[in-house]
Trainee: 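Structure provided below as structure tokens; questions to follow.
We number each residue from 1, following the sequence as shown. Both counts, for ligands and for their atoms, begin at 1 and track the order of listing.
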Amino acid sequence: MPDPEHPVPSPAWNSGPGLAFGGDYNPEQWPADVRLEDLSLMKEAGVNLLSVGIFSWALLEPREGEYDFAWLDEVLDNLAGAGIRVALATATAAPPAWLVRKHPEVLPVTAEGTVLERGSRRHYSPSSAVYRRYAAGITRKLAERYKDHPSLALWHVDNELGCHVSEFYGPEDAAAFRRWLERRYGSIETLNEAWGTAFWSQHYASFEEIIPPGAAPTTLNPTQRLDFQRFSSWVLLDYYRSLLQVIREVTPDVPATTNLMVSSGTKSMDYFDWANDLDVIANDHYLAAADPERHIELAFSADLTRGIAGGEPWILMEHSTSAVNWQPRNRPKMPGEMIRNSLAHVARGADAVMFFQWRQSYAGAEKFHSAMVPHGGRETRVWREVVELGAALRSLGPVRGTRVQSRVAIVFDYEAWWASELDSHPSEDVRYLDLLRALHRSLYLRGITVDFVHPSAPLDGYGLVLVCTLYNVTDASAGAIALAAEAGATVLVTYFSGIVDENDHIRLGGYPGAFRELLGISVEEFHPLLAGESVKLNDGGTGSVWSEHVHLAGAEALNTFTEFPLEGVPSLTRRAVGQGAAYYLATFPDRDGIERLVDRLLAESAIEPVADADFGVELTRRRAADGSSFVFAINHSGADASVRRVAGTELLSGAPFTGTVSAGRVAVIAEQ
Ligand code: GAL
């Protein structure tokens, strides 16, 4: 247990006895009697943190320059009276009608030139100078009014930046893109070189000639697309920073964040690039109800969120208590699933569990989205589970501030996700996440936790480093990966990695240019497989998606293709490097092949699971600076499961851990 002499300092957003607990609170949708009932229900559930005012601009400023803060004053005063802390929103995620009528130029424009109108939300472009001025205005008003309010613990800047629309193609966006390119390249000739514009008569005489890569007859310039993707991520961050500047001026001591959307489905923002501007990383995560392995996708999202947070604890800012309203079929969560989901995020580094939203709306587009207080009120399964979760989180105070343990790194790069999936490539079936997630899944099922690490971050301390589809890579990052192998790590590089530099220019002289030397191989030609095709491998397994003509140049072949025209050509290689080793994988193995590969990599790097457990138990360990540690054992199966090699006090029950986790339940063991 943590040393009581040196307690972990609590951030303002997490000052309760346990972990922070709450959700989005939209009191403006409800009359006074319901708002009063909210306070007693929040007390019953143990809520201590709420995001307030996210979509309330039109009520706070009903006409330009006319403000109505009375309702928000009352809400914040009541919450403060109830001891509930607030992540106060800047209210900028949905501009009011008067603003858009006066300035229709703030509206987003799509690649096809369609203007996206008001009537839903997020109807503004982050490049718009006019929008930024108004958004900074309401943010300043809120900051000045509530800067000394006792409930204010955190700023919630805008909401899910880049949600619904993440690329903007209007005239002001195009001008901002040009200015960004001028700063990046300095001269138009440098841009011409980087974009390879000698091709297809794309040479530019000045920055003024450049437009965003919108609708076009055929394949657009890939470097232009990559740069537009970089710009689009940056301009959303830059808009965030413009609001942060106001917040810092008025409330320099209040931390600020914005809720990210880290998942296998969100590709458009380079969140590693955003992390430094967020005082604490906050994430929203929703399960795909139709995915039978949705708990593994959750683990992927939570691990990646922790990677973006540099290993620091983070806030789960939104997830759902049960069904959402925006999937084709919105199934409720199964009994117990919401508590497992919540604690799985905590197991992977979250120190706060929050939901969209506190009370289920009775009107509007989200009235069929679940909430902490359902339409049916207190006499519901969802409410009972919410109350149970609140109690569980209260008992997890000792976990606060601890860090998740991992000796496996997956190098993760949003730029590689963007660039590897551009069109006119050898195969549209090479998708950045597929092999990466197959490896993550295998490790997850074995009770081995993975850290996601940006290519520019240090790899010290990792015994196993997985480099998946890192198509574009800088010399510096490729060098750091090679050094990790020299220093003793087992490194795996998978096909279509190291092919191009940061400008998407081929590294000449044989693939995979950036890793050829490290791996001791050279690839002469790619042989992508047809849809549904597979090839036989010498070990009896099969490969799909990809094959290629690999030559050995210092490595040994561990497995080979067996079919014409690649019979005898290596499909898996290994080279001893310094204190470690470098493996290369030239195809997408079947499930057994993935398991054999992971067995081998773990044996070589001497990495063991957190504990021994029956199938279906998710395992992680969080460790405090003083050495005390906590094992999370989450039983996703329908049968009681045994967990061996762990002893201590089970925090949710307060009793000694028996070695069994009941079907569908969770144990958090403070180890002795
Ligand atoms: C998020 C959003 C919330 C709510 C939620 C519904 O994208 O931030 O405001 O709409 O989805 O799942």
Side-chain angles (χ1 to χ4, degrees), residues 22-30 49-59 86-95 108 116 118-124 126 154-166 236 239-240 243 257-269 271 274 278 281-291 294 297-298 301 305 314-333 337-338 341-342 345 352-375 382 386:
D24 283 12
Y25 186 36
N26 298 305
E28 63 274 25
Q29 297 176 12
W30 297 97
L49 183 64
L50 295 167
S51 288
V52 180
I54 298 175
F55 297 102
S56 62
W57 191 349
L59 294 177
V86 165
L88 187 60
T90 55
T92 48
L116 302 177
R118 62 199 156 87
S120 66
R121 65 176 176 184
R122 302 215 54 75
H123 43 286
Y124 67 84
L154 183 64
W155 282 102
H156 180 118
V157 176
D158 208 279
N159 190 64
E160 288 194 344
L161 296 163
C163 181
H164 311 313
V165 194
S166 59
L236 287 162
Y239 161 68
Y240 167 87
L243 301 185
T257 191
T258 184
N259 43 346
L260 309 181
M261 300 172 285
V262 180
S263 80
S264 58
T266 302
K267 175 181 173 184
S268 301
M269 280 70 64
Y271 287 142
W274 290 31
L278 276 56
I281 296 296
N283 195 44
D284 297 352
H285 184 262
Y286 290 92
L287 299 175
D291 178 1
R294 51 194 181 274
E297 197 280 333
L298 183 157
S301 159
T305 303
W314 47 278
I315 295 176
L316 176 64
M317 191 67 106
E318 288 181 24
H319 68 152
S320 69
T321 56
S322 193
V324 299
N325 64 305
W326 42 264
Q327 291 175 11
R329 289 156 211 89
N330 295 300
R331 279 227 305 201
K333 289 192 178 177
E337 187 174 1
M338 178 277 279
N341 295 160
S342 300
H345 284 289
V353 175
M354 300 174 72
F355 293 90
F356 176 83
Q357 59 175 326
W358 164 249
R359 187 183 278 275
Q360 186 168 12
S361 303
Y362 69 89
E366 295 186 312
K367 58 185 174 295
F368 292 115
H369 193 296
S370 62
M372 298 170 81
V373 184
H375 288 154
V382 165
V386 163

Trainee: Does the separation of the ring centres of Tyr25 and Phe355 fall below 6.0 angstrom?
Mentor: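 Ring centroids of Tyr25 and Phe355 are no less than 6.0 Å from each other.
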Trainee: Please tell me if the side chains of Asn283 and Ile315 come closer than 4.5 Å, counting only heavy atoms from C-beta onward.
Mentor: no
Trainee: I'd like to check His123 versus Val165 (side-chain heavy atoms, cut-off strictly below 4.5 Å). Are they in contact?
Mentor: no
Trainee: Among protein heavy atoms, which lies nearest atom 9 (O) of ligand 1, and at what distance?
Mentor: Arg121 NH1, 3.0 Å
Trainee: How far is atom 7 (O) of ligand 1 from its nearest protein heavy atom, and which residue and atom name does that atom have?
Mentor: Glu160 OE1, 2.3 Å
Trainee: Got a salt bridge between Asp158 and Arg122, using NZ or NE/NH1/NH2 to carboxylate O under 4.0 Å?
Mentor: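 So Asp158 pairs with Arg122 through a salt bridge.
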Trainee: Return a yes/no value for Glu318: is any of its N or O atoms, backbone included, closer than 3.5 angstrom to an N or O of ligand 1?
Mentor: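 Yes: some nitrogen or oxygen of Glu318 is under 3.5 Å from one in ligand 1.
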Trainee: Report yes if some N/O of Asn259 lies less than 3.5 Å from some N/O of ligand 1; otherwise report no.
Mentor: no
Trainee: I'd like to know whether the aromatic ring centres of His319 and Tyr286 sit less than 6.0 Å apart in this structure.
Mentor: no
Trainee: Determine whether the side chain, the backbone, both or neither of Met317 has a heavy atom under 4.0 Å from any heavy atom of ligand 1.
Mentor: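 No part of Met317 is near ligand 1 at this cut-off.
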Trainee: Under 4.0 Å, heavy atoms only, figure out whether ligand 1 is touched by the backbone of Asn159, its side chain, both or neither.
Mentor: side chain
Trainee: Restricting to non-hydrogen atoms, name the atom on Ser322 and the atom on Val382 that form the minimum distance, rounded to 0.1 Å.
Mentor: CB-CG2, 4.0 Å
Trainee: For Trp326, take its heavy atoms, then give the atoms of ligand 1 lying under 4.0 Å from any of them.
Mentor: 6 (C), 12 (O)
Trainee: Report the part of Met261 (side chain from C-beta onward, or backbone N, CA, C, O) that has a heavy atom under 4.0 Å from ligand 1; answer both or neither where that applies.
Mentor: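 Neither part.
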Trainee: Using a 4.0 Å heavy-atom threshold (strictly under), name the region of Glu366 that reaches ligand 1: side chain, backbone, both or neither.
Mentor: side chain
Trainee: Decide whether the shortest distance between a heavy atom of Gln357 and an atom of ligand 1 is less than 4.0 Å.
Mentor: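 The answer is no, since Gln357 has no heavy atom less than 4.0 Å from ligand 1.
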Trainee: Using a strict cut-off of 4.0 Å, indicate which atoms of ligand 1 neighbour a heavy atom of Phe55.
Mentor: 9 (O)
Trainee: Tell me, which protein residue and heavy-atom name are nearest atom 6 (C) of ligand 1, and how many Å apart are they?
Mentor: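 It is His369 NE2, 3.2 Å.
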Trainee: I need the Ser166 OG to Met261 CE distance, nearest 0.5 Å.
Mentor: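 One finds 7.5 Å between OG of Ser166 and CE of Met261.
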Trainee: Given the rule in the ring pair (Phe, Tyr, Trp, His ring centres under 6.0 Å) test, do Tyr362 and His375 qualify, once you have shown the distances and angles that lead to the verdict?
Mentor: CA-CA 8 Å; Tyr362 69 89; His375 288 154; 8.6 Å; no
